[in-house]
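Below: one structure, written as structure tokens.
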Amino acid sequence: MNRVLSADWVLPVEGPPIEGGAVAIEDGRIASVGDARDLGPGTHYPDAVILPGFVNAHSHLEYAVYAGFGGGLGDFAEWITLHIQRKARIGWEEYVDIARFGAAQCLASGVTTVGDCSYSGATAVAAADLGVRATVYLEVFGADATLGLEHFAEIKERVAGFFSERIRPGISPHAPYSVSLELYRACAELGLPLATHISESPAEIAYVVHGEGPWGAYSDLLVPPPGTTGTRLLAEHDLLGSHVLAAHCVMVDDEEIDLLASTGTGVAHCPRSNAALGCGVAPLAELNAAGARVGVGTDSPASAPSFDFFDELRGVLLSARARARRPSVLSAAETLELGTLGGARALGLDSEIGSLTSGKRADVAIVSLEGSPYLPVEDPAAAVVYGGSPERVLATFVDGEPRYERGGMDWHELTAAAHSARRAMLAVPPAAEPEPATARRA
Ligand SMILES: [Zn+2]
């Protein structure tokens with residue numbers, strides 16, 4: 001369907017802001033971007049900004065109901081054990097319900113594309129149902145390459161019918177402490193987009209480099225330490241590259257930053273998750289200066305508080321300035337670029353999405369500034385980054401079709417199903433139930 005969207009401001013990201021701008025959409029692609037006086041007002045959104053849909057470069061939609069589950073990750077083994085127990089209480093249907101809830105929350109936050117790591121594959125179903133663009137990196141774990149690839153093949157087969165031009169399959173060997181080099185290599189041989197978690201925490205580095213630190217005590221849960229960092233390990237074995245997305249990269253030195261940049265590896269920067277888990281602040285300014293392809297990811301409510309992409313953008317901006325002790329290190333406009341075109345670059349999709357440019361897919365978010373302290377607008381990027389919130393998202397379009405409209409989407413059933421899955425996960429197993437008070441007194 002062809003349509004024109006117009007607003008007080010259009011932020012194309014590639015190119016300067018356009019006051020009184022409009023975006024013309026034809027057959028799911030952007031036909032032109034310019035002055036509303038030339039393109040016509042079409043559907044006009046007053047006191048609003050039209051921008052490219054956000055690209056959430058690292059998420060786990062199937063953990064959408066895990067809010068608070070990652071709290072106080074003091075003991076890694078205790079957390080993993082609890083996580084495994086809770087996951088065992090739900091099945092495939094619940095995973096799909098949870099992932100749908102996650103996809104809905106992303107759309108409501110202006111996100112049009114996710115780079116999602118999914119163990120169950122439910123993200124493919126959710127993205128197909130809700131109309132989100134996705135690279136679904138199916139997760140594998142373990143030391144045994146054959147078993148890892150068998151799991152991958154099984155899950156890929158399960159969700160094969162949901163892949164499309166919009167939803168593409170990838171593979172995600174989880175991390176260098178949970179996946180052997182043999183399995184990393186086997187994954188890379190498939191030639192698919194590949195995502196992994198590397199150089200995330202001090203505890204990871206202590207374990208993978210020296211076999212020490214708090215995780216050393218739980219080596220039976222982990223693969224043997226490779227003796228080097230994840231970033232170096234993958235670089236040494238020619239496993240980095242432009243088809244690879246590396247989530248986190250908090251604990252990277254100058255040499256590792258150069259390895260990531262020179263190989264064209266995508267980096268998903270997840271500042272709220274990294275802060276909440278006490279991992280640190282990734283060297284964003286250094287990664288940018290080296291020319292790395294950096295995007296922004298919310299990770300999931302298992303670590304970060306939410307899929308709220310505006311909150312994540314503020315996390316990007318504030319943590320970069322705090323780390324550099326210099327406000328000029330990252331502007332609001334640069335932050336917005338990281339959350340749109342940056343994510344598209346990190347996922348290798350920048351020829352198709354990430355900016356409002358003629359010929360690209362019409363993935364668009366519309367953010368209201370009604371009643372905002374940033375109105376009248378001085379800097380529209382600052383108004384969106386500092387003052388935006390999911391409550392201010394008026395509409396989210398993917399391929400030119402509205403996938404979210406404020407007040408117009410009935411997600412009651414979807415939300416109830418996700419809450420029911422969370423309730424099941426939180427159910428206390430009979431053996432762990434406390435004795436009745438009367439019995440205790442006796
Ligand atoms: Zn993650």
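Whatever order the structure lists ligands and atoms in, that order sets their numbers, starting from 1. Note that this is a predicted model, so its numbers are computed, not measured.
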Using the salt bridge (Lys or Arg N to Asp or Glu O under 4.0 Å) rule, collect all pairs that involve residues 179-198, keeping only residues at least two apart or in two chains.
none
Here the Zn ion (ligand 1) sees protein N, O or S atoms within less than 2.8 Å, and their number is 4
Output all residues satisfying side-chain hydrogen bond (donor to acceptor under 3.5 Å, both in side chains) with T357, sequence neighbours left out; order by chain, then residue number.
E14, S355
Scan for salt bridge (Lys or Arg N to Asp or Glu O under 4.0 Å) pairs involving residues 133-151, sequence neighbours excluded, and state none if there are none.
R133-D363, R133-D399
Taking E352 for the side chain and L349 for the main chain, is one N or O donor matched with an acceptor at less than 3.5 Å?
no
Do Y66 and H60 have ring centroids that are under 6.0 Å from one another?
no
Just checking, any donor-acceptor pair under 3.5 angstrom between side chains of E62 and S120?
yes
